[in-house]
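Presented below is the structure to which this report refers.
A note on names: the letters A, B, ... follow the listed sequences, proteins ahead of strands, and every chain is numbered from 1.
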2 protein chains.
Amino acid sequence: MSSPSPKLALFEQFALVAKTLGHPQRLELIEQLGQGPRSVDMLAEKVGAPIANISQHLQSMRRAGLVAAERQGKYVVYRLADASVLAAMQAIQRVAENNLAEVDRIVRGYFGQRDSLEPITREELSDRLRDGMVTVLDVRPSDEFALGHLPGALNVPLDELDARLSTLDPDKDIVAYCRGAYCVMSFEAVSRLRVRGFRARRLEEGMPEWAAAGNAVAS
Amino acid sequence: MSSPSPKLALFEQFALVAKTLGHPQRLELIEQLGQGPRSVDMLAEKVGAPIANISQHLQSMRRAGLVAAERQGKYVVYRLADASVLAAMQAIQRVAENNLAEVDRIVRGYFGQRDSLEPITREELSDRLRDGMVTVLDVRPSDEFALGHLPGALNVPLDELDARLSTLDPDKDIVAYCRGAYCVMSFEAVSRLRVRGFRARRLEEGMPEWAAAGNAVAS
DNA sequence: CAATCATTCAATGAAATTATTGAATATATC
DNA sequence: GATATATTCAATAATTTCATTGAATGATTG
């Protein structure tokens, strides 16, 4: 083996992947695509940025192997290249959680005591689902629910929660979830439900993590 | 909760971590620190770059929570902030392995058939160690061996291998390891040993992964 | 205290990244 | 074929990142 070491070339490829994850909007795109495949204009709307800008980000993400695209009529639908992309984003979040004081400050300031809403693990939720005494509430927008959701989950988007409280069984415990660990919707939902006297808790993670753990996903 | 959503602030922090991983030399620094804590001038020598440049990279890595520094006399010793840093780098490598054709091309071109050297898993090596019929060879430079190594491993740096062949028991199987999955030293060592008639295989991963899996590390 | 070694800092110029804007391209519809 | 919609491309300016260089700082040694 006399060819030059591949080390540098490989590390340049690894660096390409990492730097492509190094922009907040691209991370939001991954979070969105974690809920299911989406078109460019839908992604632009979700992330709140101009379509041309989002398309540019998606091109760089495609080159870096983070997403794949396929044409469906006049739409181009993007999806995460594979499960390793979400895993990489979660690994990065772990580093930030463990080692960045600023993350701790943001989380304390907004989410309050992380444990104050008694986050429930997906293992614990699986157990609770078997005894049938818990209502699983998906508080994402209905288009994200349609892409995939926990089996038996009820879709009550956060902005409809107040109007639909009467449809919820007050005798059952409620577990609410949304897009992921740092999505605020389920925090908001659990707070509001508790004010109204419901026994509500928050699933620690989102739908993508549930799916990545091998659990069933309904649609 | 009426304060603005922390989402953007959090994703900016996550992006900071990712972009700090987005330079090949910083990834090499992580690989080196994965072998153990090191001073700036030692890291500069290992990575083959000017000290001022490496110091600059280390500052940005410290700000991003990837490394921690402590003064020991006139030396500043850097170490990985915690195990999540190595895990994040591995997650990024996974994405690249899975999804980048260029990585596949580099790996095929240099490493040949990945399976041609019969990589052995650390679980399998643990089993083999118990029956005592295998020589574990650490082919890293001796300073890295000193920082931590597999229990019972023999340190034969790659550049000394030819000179020390007579010290190896030809009746025992040999398992060689080095810094990690993409370190070429153990490939080289296994190739040379096989040419000389030894039954040699390569450990799939390096010392840091062995340690991260909870296995004992000797020093 | 001066000299040496190790490290960091600040300034600089080059390269890379990013958002914006308008044009170009592809598909669907009438 | 014209129009509308969806998406990408190319050019541009601003911002950020990176390597280099020499000065500054801190610890050790004589």
Side-chain angles (χ1 to χ4, degrees), chain A residues 8-9 11-30 32-33 36-79 92 143, chain B residues 8-9 11-30 32-33 37-79 92 102 143:
Chain A
L8 179 58
F11 274 52
E12 280 172 358
Q13 295 296 305
F14 302 153
L16 170 67
V17 171
K19 87 167 79 168
T20 308
L21 292 167
H23 189 293
Q25 273 182 344
R26 293 200 286 266
L27 293 178
E28 276 201 88
L29 289 168
I30 292 171
Q32 282 295 334
L33 291 171
R38 227 77 65 85
S39 67
V40 181
D41 74 285
M42 180 56 70
L43 287 167
E45 185 183 322
K46 288 284 182 178
V47 173
I51 289 170
N53 194 355
I54 292 303
S55 179
Q56 210 170 314
H57 283 304
L58 288 167
Q59 299 317 306
S60 72
M61 290 167 80
R62 193 158 50 75
R63 285 192 295 274
L66 300 185
V67 300
E70 79 178 314
R71 240 199 205 270
Q72 292 180 1
K74 63 183 187 180
Y75 293 95
V76 180
V77 172
Y78 282 86
R79 68 184 68 238
I92 284 160
D143 61 323
Chain B
L8 178 58
F11 274 52
E12 280 172 358
Q13 295 295 305
F14 301 153
L16 171 67
V17 171
K19 89 167 75 166
T20 307
L21 292 167
H23 189 293
Q25 273 183 342
R26 293 199 286 269
L27 293 179
E28 277 202 84
L29 289 169
I30 292 172
Q32 281 295 333
L33 292 171
R38 228 75 65 84
S39 66
V40 182
D41 74 283
M42 180 58 69
L43 287 167
E45 186 182 322
K46 289 284 184 178
V47 174
I51 288 170
N53 193 356
I54 292 304
S55 180
Q56 210 169 315
H57 282 305
L58 288 166
Q59 301 315 308
S60 71
M61 290 167 79
R62 193 156 52 74
R63 287 194 291 276
L66 301 185
V67 301
E70 79 177 313
R71 238 199 206 268
Q72 292 180 1
K74 64 182 188 181
Y75 292 95
V76 179
V77 172
Y78 282 84
R79 68 185 68 238
I92 285 161
E102 180 68 9
D143 61 323

Pairing residues for [X] by the side chain to side chain contact (heavy atoms under 4.5 Å, CB included) criterion, not counting sequence neighbours:
| X | value |
| --- | --- |
| B/Lys46 | B/Gln32, B/Arg38, B/Met42, B/Pro141, B/Asp143, B/Glu144, B/Arg179 |
| A/Ala44 | A/Ile51, A/Ile54 |
| B/Arg63 | B/Gln59, B/Ser60 |
| B/Ala64 | B/Leu16, B/Thr20, B/Leu66 |

At their closest point, which heavy atom of A/Ser39 faces which heavy atom of A/Tyr75, and how far apart are they?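 Reported closest heavy-atom pair: CB-CD2, 3.9 Å.
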Looking only at non-hydrogen atoms, find the nearest pair between B/Lys19 and B/Arg26 and report the distance.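 Looking at all heavy atoms of both residues, the shortest contact is O-NH2, 3.4 Å.
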In whole Å, I'd like the distance from the [atom1] atom of [X] to the [atom2] atom of [N].
| X | N | atom1 | atom2 | result |
| --- | --- | --- | --- | --- |
| B/Tyr75 | C/dT8 | OH | P | 13 Å |
| A/Leu29 | C/dA19 | CG | P | 11 Å |
| B/Tyr78 | C/dA6 | OH | C1' | 11 Å |

Going by the rule side chain to side chain donor-acceptor pair (under 3.5 Å), which residues pair with B/Glu102 if we only count those two or more places apart in sequence or in a different chain?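 Checked B/Glu102 against side chain to side chain donor-acceptor pair (under 3.5 Å); matches are B/Arg105.
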Using 0.5 Å steps for rounding, measure from the CG atom of A/Leu27 to the CZ atom of B/Phe11.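 Reported value, rounded in 0.5 Å steps: 6.5 Å.
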What's the separation between atom CZ in B/Arg62 and atom CG in B/Leu58, rounded to the nearest 0.5 Å?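 Rounded to the nearest 0.5 Å, the CZ-CG separation comes out at 9.0 Å.
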Apply ring pair (Phe, Tyr, Trp, His ring centres under 6.0 Å) to B/Tyr78 and list each qualifying residue two or more places apart in sequence or on a separate chain.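 By the ring pair (Phe, Tyr, Trp, His ring centres under 6.0 Å) rule, B/Tyr78 matches no residue at all.
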How would you give the extent of chain A contacts on DNA chain D, as first and last nucleotide 5' to 3' within a 4.0 Å heavy-atom cut-off?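 Listing 5' to 3', DNA chain D meets chain A from D/dT5 to D/dC9.
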For [range], which residues have at least one heavy atom under 4.0 Å from DNA chain D?
| range | value |
| --- | --- |
| residues 65-74 of chain B | B/Arg71, B/Gly73, B/Lys74 |
| residues 47-62 of chain B | B/Pro50, B/Ala52, B/Asn53, B/Gln56, B/His57 |
| residues 13-21 of chain A | none |

What residues form a salt bridge (Lys or Arg N to Asp or Glu O under 4.0 Å) with A/Arg79, not counting sequence neighbours?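 By the salt bridge (Lys or Arg N to Asp or Glu O under 4.0 Å) rule, A/Arg79 matches A/Glu70.
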Every protein N/O lying under 3.5 Å from an N/O of nucleotides 12-14 of chain C:
none

